[in-house]
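Lettering of chains follows the sequences in order, A, B, ..., and the numbering in each one begins at 1.
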Number of protein chains: 2
Amino acid sequence: MSDKAPTSPVSRERSREIKRLSVILAARQARRLSRVDLAEMTGLSAATVTALVRELVAEGYLIERGPGAPTTGRPREMLEFNPRAELVAAVSLEPPRISCEIADSEGAVIAHRVARLGANVVETVCEFVLDLVGDNLPSLRGVAIAVPGVSTNGAVRLAPSVGLVEAWPIGESVQRRLGVPVVVDNDVNLMAAGECVAGAGADVANLLLIHVAEGIGAGLVLDGKVRRGASGAAGEVGFLPLGGTTERRYSGVGDFEARWSVNAIAERVVALNPGRRPESPVRELSRLAATSAPAREYLDEVLGAWAGLILSCACVVDPGLVLLSGAAAELDDAALDQLQTLVSARTPAPTEVRRATLGDQAVLHGAISYALSAAVPRPSLP
Amino acid sequence: MSDKAPTSPVSRERSREIKRLSVILAARQARRLSRVDLAEMTGLSAATVTALVRELVAEGYLIERGPGAPTTGRPREMLEFNPRAELVAAVSLEPPRISCEIADSEGAVIAHRVARLGANVVETVCEFVLDLVGDNLPSLRGVAIAVPGVSTNGAVRLAPSVGLVEAWPIGESVQRRLGVPVVVDNDVNLMAAGECVAGAGADVANLLLIHVAEGIGAGLVLDGKVRRGASGAAGEVGFLPLGGTTERRYSGVGDFEARWSVNAIAERVVALNPGRRPESPVRELSRLAATSAPAREYLDEVLGAWAGLILSCACVVDPGLVLLSGAAAELDDAALDQLQTLVSARTPAPTEVRRATLGDQAVLHGAISYALSAAVPRPSLP
DNA sequence: ACGCTTTCTTCCTAGTGTGAAAAAAATGAG
DNA sequence: CTCATTTTTTTCACACTAGGAAGAAAGCGT
C-alpha cells in the first residue's frame, strides 16, 4: 500500500479549494437545491455556504432560479448547477476514423464531428477540440481520449489497426497544447465507467462490462473506480484459458476471443444460413435458434462459453453485476435468461447479468466522467 | 460511482485533524526524520510543523532522538515515530483455536496468546484483548479479526468449520465493547494486505495472493487497497471453471479447489509414495519428482493447473505480481521457475510469480495495517 | 573568535469558518 | 390590512490557524 505525499495535503489555499469542490460536487449531484440543502450536504455552516455560493454564482457555476417550494417561512432561493459551466471533450479513436464530441457535465452533446483519422493524431485532436469548443474554451475542463487497447505504460497492445505507435505521448502532447488535463484510456474501460455513472450500473459501485466485438475485452469497476491493473491489462479476458488446454503461446489475440468473438460467430452463422454476413450475427443467431435445431445447439454453445467467461471473472473479482456490451447485448431475453441461469448455478456469490444500456453513448459518458474527475483532482490525501 | 457526502468534508476541526494525521502518517513511513523533512513531506511550513511536533511529542507519538547527520549548519534535531504509541490487536480465528496478538505499528509483537475457541466468541475476543493490552489500553488503535471466509454482508461462506454462525455481529459487538474500530475480514485478504505492506509485495500497489490450503483462495490488492468485490467474494478462485466442462452446481466447495488443493495433492502423494500423509505434501512432491517419473508427471500436472489459475486471474485483473502462499509456497525453485515460464508464455501482460515471504506473520501484518487504517479514517472526501 | 550555513523558534499578520444576531421574505390568524 | 411567526439568507465580530519574517540556536571551517 504505497502512499507517498509529496505535495501539500492541507495548505491554506488547498483547503479553500477543497471546500469549493465539495460544494460544486454536491451541486452537480443534486440538480436543484437551496443553500440550506447545500449546507447540510457539505456540513459547512450557512454563513460559509452563502459566501461560497456568491462566488460560484459570479463565476457562472451556479444559477439562481428564484424561489421554490412554497412553505411556511421564507421560501428557499433555489440554485441550479450550470452544466454549461464545465465542458469536456470526448475523443474516440476508432481504427479508420476519429470522432470528437463536446459535452456538458450532464452528458448533453453540444458539438460533435467525425472524420477520417489523418496522419498526425495529436494535431488532429487538438484542432478538432479547439474548433468545436470555440469561445467556450475557458469552460473546458478536460479531455478524454478513447483508444482501442492502450495500456498505462504506453504500449499499444490490441490495436494494430490504429496507425499510432505510441499512445502515451498523445496524452501529454495534447495536454501541453490545450492546457487542460487529458486522460487516455482503453475504450472498454471508458464504456464501463460510462455505464457505471449513467447507465445500467448507475446504482452500484462494482461491475464488469464485457464487450464483444472483433475481440473480447472487459472493463472493471471496483469500489467506484475503473481498475486497470498493474500494467493496464486488466480485463483482457479474451486470453482466458477456458477452451480446454490449448498450449498456444501469446500471440496478440487470445484463445478465447478467437473462438467466441463476433467474427467466429459470424462465420458459423453464415454456415448455418448461407448468404451475406449478417450485420448483427448474434441477433441473427438468436433468430435462427427459434426454428433451427443446429442453430439452437450452437447458441447453447456460445452461451456456455460466455457463461464460463463470466463465471471466471465473477470468481476472481466478484463484480456483482456483469454488463453485456457490443454483440453480447444483442442476445434476446430468452438467451439472456439462460445465460443468467448458467451463471447463477455456479458462482460463489450472487452475480446479475444485464445488458448495457448506453450503447455508443457509453464511451461518451465514460469520457465525461473521466474528464470531470481529472479536472477536479482529489487532494492526494494519504 | 456512487458518491455521497453526508458528513462535513472540511470543517475547522476536521482540517486540523487532517493536518495532524498527515504528519503522523509521514512520520510513520520514514523511521527517523527531522522537522525539515517533515515540512517537505507534508508541504506544511516550518512554523506549523514546529507547533505540531511539540504537540505530538507531548502526546508521545514522537520522540526526540538528539542531533543527527553532522553537516554544515545547525544539525537537525532528529525525530522518531514512537511505534509503541499505537498498538493494534490482531485476532485470528482458526477453526479449533483462537490466537490473539498485540503489536505495535511496526509489527513487533508485544504480547500474544493462543487458546481453544470457547463458546462465546465475542466474550473471548474482548477478554483476550483487554487482558493482553493491560495498561496500554489508551494506545490501542484498532482490532482486526481474521475469519476463514467471511463476506461483507455477514454470511459466512467457506467456514463451516468455525462454530460461529454470524460473523458480522462480532465486529460490531467487539467495537461496542472495546470502543475502538474493529474490522473483520477473510484471512486470505489479510494475508494479501500483509504481504503488500510488509512482505513480498511491499514495492507494488497491485498483487494477487493465492493461498493453497484445504481450499484455494486469493486475496486481491488493486491500487493499494484490498478489493473485496460486491459481496466480499472476490478471490474465490477455487470455483474457477478450469477443469474442463464439469457442470456441477454450486456446492460450497469449488471444482478447482476440489482437484488441486492440498488434500487432493496429499492423497496422490500418498499413492505415489505409500506411508503416512506427509506434513507438507507439496514439498514432498517436489522431492519425489526429482527421482520418480510418475511424481514428476503429476507435479507437471499440478503446475499446469496452478498456471491456469494464475493465468485466469492475470487476464481478469492484471495484478502484475502473484504471490504463492500456504502449500503453494512450498514449491522449490525449479518448480517455481517452471510455473513462471508457463504463466509468462500465455499472459497478455507481464506477471511475476513469487513466493509469499511472511508465512504465518502475513495475517498479523495485514491485521496491523487494517487496524491502523481503520483507526485513521480517511476524511470522506468525494 | 568570527563569519557562515542551516535549523528551529517566536511573533505578528492575513485570512478562514462559525455562532449569534439581524434582515428578508413569505404565510396565516385576527 | 396588519402583525406575529417561521424559515431562510445575510452580516458581523470573534476565535483560531497557517504562514512569512525575523530572530535565536547550534554547529563547522578558517
What do the steps show when you test A:Lys225 against B:Asp223 for salt bridge (Lys or Arg N to Asp or Glu O under 4.0 Å), and what is the final call?
CA-CA 10 Å; A:Lys225 279 193 59 176; B:Asp223 298 329; 5.8 Å; no
[X] [atom1] to [N] [atom2]: how many Å, rounded?
| X | N | atom1 | atom2 | result |
| --- | --- | --- | --- | --- |
| A:Arg76 | C:dT27 | CZ | C1' | 16 Å |
| B:Leu44 | D:dT17 | CG | P | 14 Å |
| B:Asp37 | C:dC8 | CG | C1' | 13 Å |
| A:Glu77 | D:dT7 | CD | C1' | 14 Å |
| B:Glu40 | D:dG19 | CD | P | 15 Å |
| B:Arg54 | D:dT17 | CZ | P | 14 Å |
| A:Arg35 | D:dT7 | CZ | P | 19 Å |
| B:Leu38 | C:dT9 | CG | P | 12 Å |

Base versus backbone protein contacts along nucleotides 21-28 of chain D [heavy-atom cut-off under 4.0 Å; B, S, -]:
----BBBS
A:Arg176: what forms a salt bridge (Lys or Arg N to Asp or Glu O under 4.0 Å) with it, not counting sequence neighbours?
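A:Arg176 satisfies salt bridge (Lys or Arg N to Asp or Glu O under 4.0 Å) with no residue once adjacent residues are dropped.
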Sequence neighbours excluded, which residues qualify as salt bridge (Lys or Arg N to Asp or Glu O under 4.0 Å) partners of B:Arg54?
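B:Arg54 satisfies salt bridge (Lys or Arg N to Asp or Glu O under 4.0 Å) with no residue once adjacent residues are dropped.
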Please name all residues satisfying side chain to side chain contact (heavy atoms under 4.5 Å, CB included) with [X], sequence neighbours left out, ordered by chain then number.
| X | value |
| --- | --- |
| B:Ser139 | B:Leu87 |
| A:Gln175 | A:Val182 |
| B:Val180 | B:Leu140, B:Val143, B:Leu178 |

So if I take every side-chain heavy atom of A:Ser45 and compare against D:dT9, D:dG19, C:dG19, which nucleotide ends up nearest?
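Of D:dT9, D:dG19, C:dG19, C:dG19 is nearest to the side chain of A:Ser45.
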Which nucleotide in the set D:dG20, C:dT7, D:dT9 lies at the smallest distance from any side-chain heavy atom of A:Thr50?
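Of the candidates, D:dT9 comes closest.
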May I have the step-by-step check of salt bridge (Lys or Arg N to Asp or Glu O under 4.0 Å) for A:Arg35 and A:Glu64, ending in yes or no?
CA-CA 11 Å; A:Arg35 289 171 174 77; A:Glu64 299 210 282; 3.2 Å; yes
Starting from the 5' end of DNA chain C, give me the residue, B:Glu64 or A:Ala46, whose nearest nucleotide shows up first.
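Its nucleotide being nearer the 5' end, the pick is B:Glu64.
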